[in-house]
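Just so you know, ligand 1 is whichever comes first in the structure, and atom 1 is the first atom listed for that ligand.
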Amino acid sequence: MPTLTRRNLLAGSAAAAAFASRADLAAAAEPAAAKQAPGIYRYKIGSYELTALYDGIWYRPITDKFIRNAPFAEVERALSDAFMPADQLATPFTTLVVNTGSKLVLVDTGTGGQIGPQAGVLGDNLSAAGIDPKAVDLVVISHFHPDHINGIKDKDNSLVFPNAELMVSAPEWAFWMDDANMNAAPAELKLTFRNQRRIFADIAKQITRFEPGAEVAPGIETLGAPGHTPGHTVFAIHSGDQSLMVLGDTAQHPAVFARHPDWQAAFDIDGDAAVATRKRLFDRAAADRMLVTGYHFPFPACGHLVKTASGYEHVPVLWQPTL
Ligand SMILES: [Zn+2]
């Protein structure tokens, strides 16, 4: 028997013990990892190195109120066509770190672990990426919904990126910080206003407000993208002859909002403006073959947009082992 032959050959030697233990390992059932790998994806635009950092996901329950201007059966079909459950919208969160060579810039800050049990892993992914929050020079914000600003502070109200300048859109600030707008808002939206005051009130003096069109760092241009919120901002990042459009919430899951760019979601403050902004920016990205990233696109959240007969198709990037 082969086993006997091997045993005879190796009898009495240390190798026999080693071989036996390897054989035992090979036969053993491997315990399940029960844990995801870090959510990090790196890519380059010119000389800028970008790191997409996953913060987790929320499955937003949806009803026939979710899309204001389409029959719910069509919404359900769009989700089913994308192999997603029809009663909830998969809403992943992906922030972006841009290393310009002289500055470390973070675009949006994640949920701060305050939105659902499956989100709030940005800190873990920052450390897995070797990025010290203290080393971030600048934090820029696309808009003031909680999933974009809650990561500015931890649960004890301390700044997560203590050395970073914080830059926000002036029109976004003007809308949400206006108490008259808060008092006139429906109850659910009042919570959003209150959350912004919790985050910003005691650090208001440290915040720089930019006008749409301003450059917030070398090669990082801001574009007004109103609709989802009044001051919603998109960032166009340029280095060398390459560009990336950071779309924020111009569209949430592309299987729904790129394929159906006319759909207005319940969370868009001005639905008509949101649709006009989406088409304008998507047309530009498609025509210029620009790389785009969307905060709620499936991780790593970047790819290209192709214009189709009825809307747009998102083509995700291909993972590459080198930069
Ligand atoms: Zn969002």
Side-chain angles (χ1 to χ4, degrees), residues 39 52-62 66-68 84 88-97 106-122 125 139-153 160 166-169 171-173 175-176 185 188-189 191-196 198-200 222-235 245-258 260-261 263-271 273-275 277-278 281-282 292-303 314:
L53 295 152
Y54 190 62
D55 184 48
I57 191 164
W58 175 44
Y59 291 94
R60 174 194 288 269
I62 59 168
F66 178 57
I67 301 294
R68 292 177 185 141
M84 297 195 289
Q88 50 187 226
L89 181 69
T91 308
F93 310 100
T94 299
T95 67
L96 183 71
V97 164
L106 174 67
V107 185
D108 287 338
T109 62
T111 62
Q114 296 151 48
I115 298 173
Q118 292 189 71
V121 294
L122 176 61
N125 284 324
V139 172
V140 291
I141 299 294
S142 67
H143 67 293
F144 286 5
H145 280 154
D147 50 320
H148 300 255
I149 62 169
N150 279 11
I152 290 172
K153 286 181 169 177
V160 173
L166 184 57
M167 294 185 79
V168 306
S169 141
E172 187 74 352
W173 182 274
F175 174 77
W176 292 108
E188 204 181 313
L189 201 57
L191 298 175
T192 306
F193 280 92
R194 288 205 195 94
N195 183 62
Q196 291 150 358
R198 175 180 73 87
I199 298 288
F200 293 133
T222 63
L223 305 171
H228 181 63
T229 62
H232 179 257
T233 300
V234 157
F235 301 91
M245 199 186 282
V246 184
L247 291 165
D249 283 20
T250 302
Q252 294 215 353
H253 202 298
V256 178
F257 294 100
H260 305 275
W263 284 1
Q264 301 184 12
F267 48 61
D268 292 333
I269 288 187
D270 180 340
V275 166
T277 288
R278 184 179 303 145
L281 294 173
F282 278 29
V292 300
T293 176
Y295 192 75
H296 300 295
F297 285 15
F299 191 77
C302 66
H314 178 246

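Checking side-chain atoms of R278 against main-chain N and O of G227 turns up no donor-acceptor pair under 3.5 Å.
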Could you tabulate the donor-acceptor pairs under 3.5 Å formed by side-chain atoms of residues 250-257, not counting sequence neighbours?
| from | atom 1 | to | atom 2 | distance (Å) |
| --- | --- | --- | --- | --- |
| T250 | OG1 | L247 | O | 2.6 |
| Q252 | NE2 | D249 | OD2 | 3.4 |
| H253 | ND1 | A255 | N | 3.1 |

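Distance OG1/T91 to CD/Q118: 11.5 Å, rounded to 0.5 Å. Here the straight-line distance linking atom CG of L96 with atom OG1 of T293 works out to 6.0 Å at 0.5 Å rounding.
Protein-derived N/O/S atoms nearer than 2.8 Å to the Zn ion (ligand 1) total 4, waters excluded.
Remark: aromatic rings of W173 and F200 are close, center separation under 6.0 Å.
Taking the six-membered ring where tryptophan is involved, the planes of H143 and H145 are perpendicular, since the angle between them exceeds 60° and thus also 30°.
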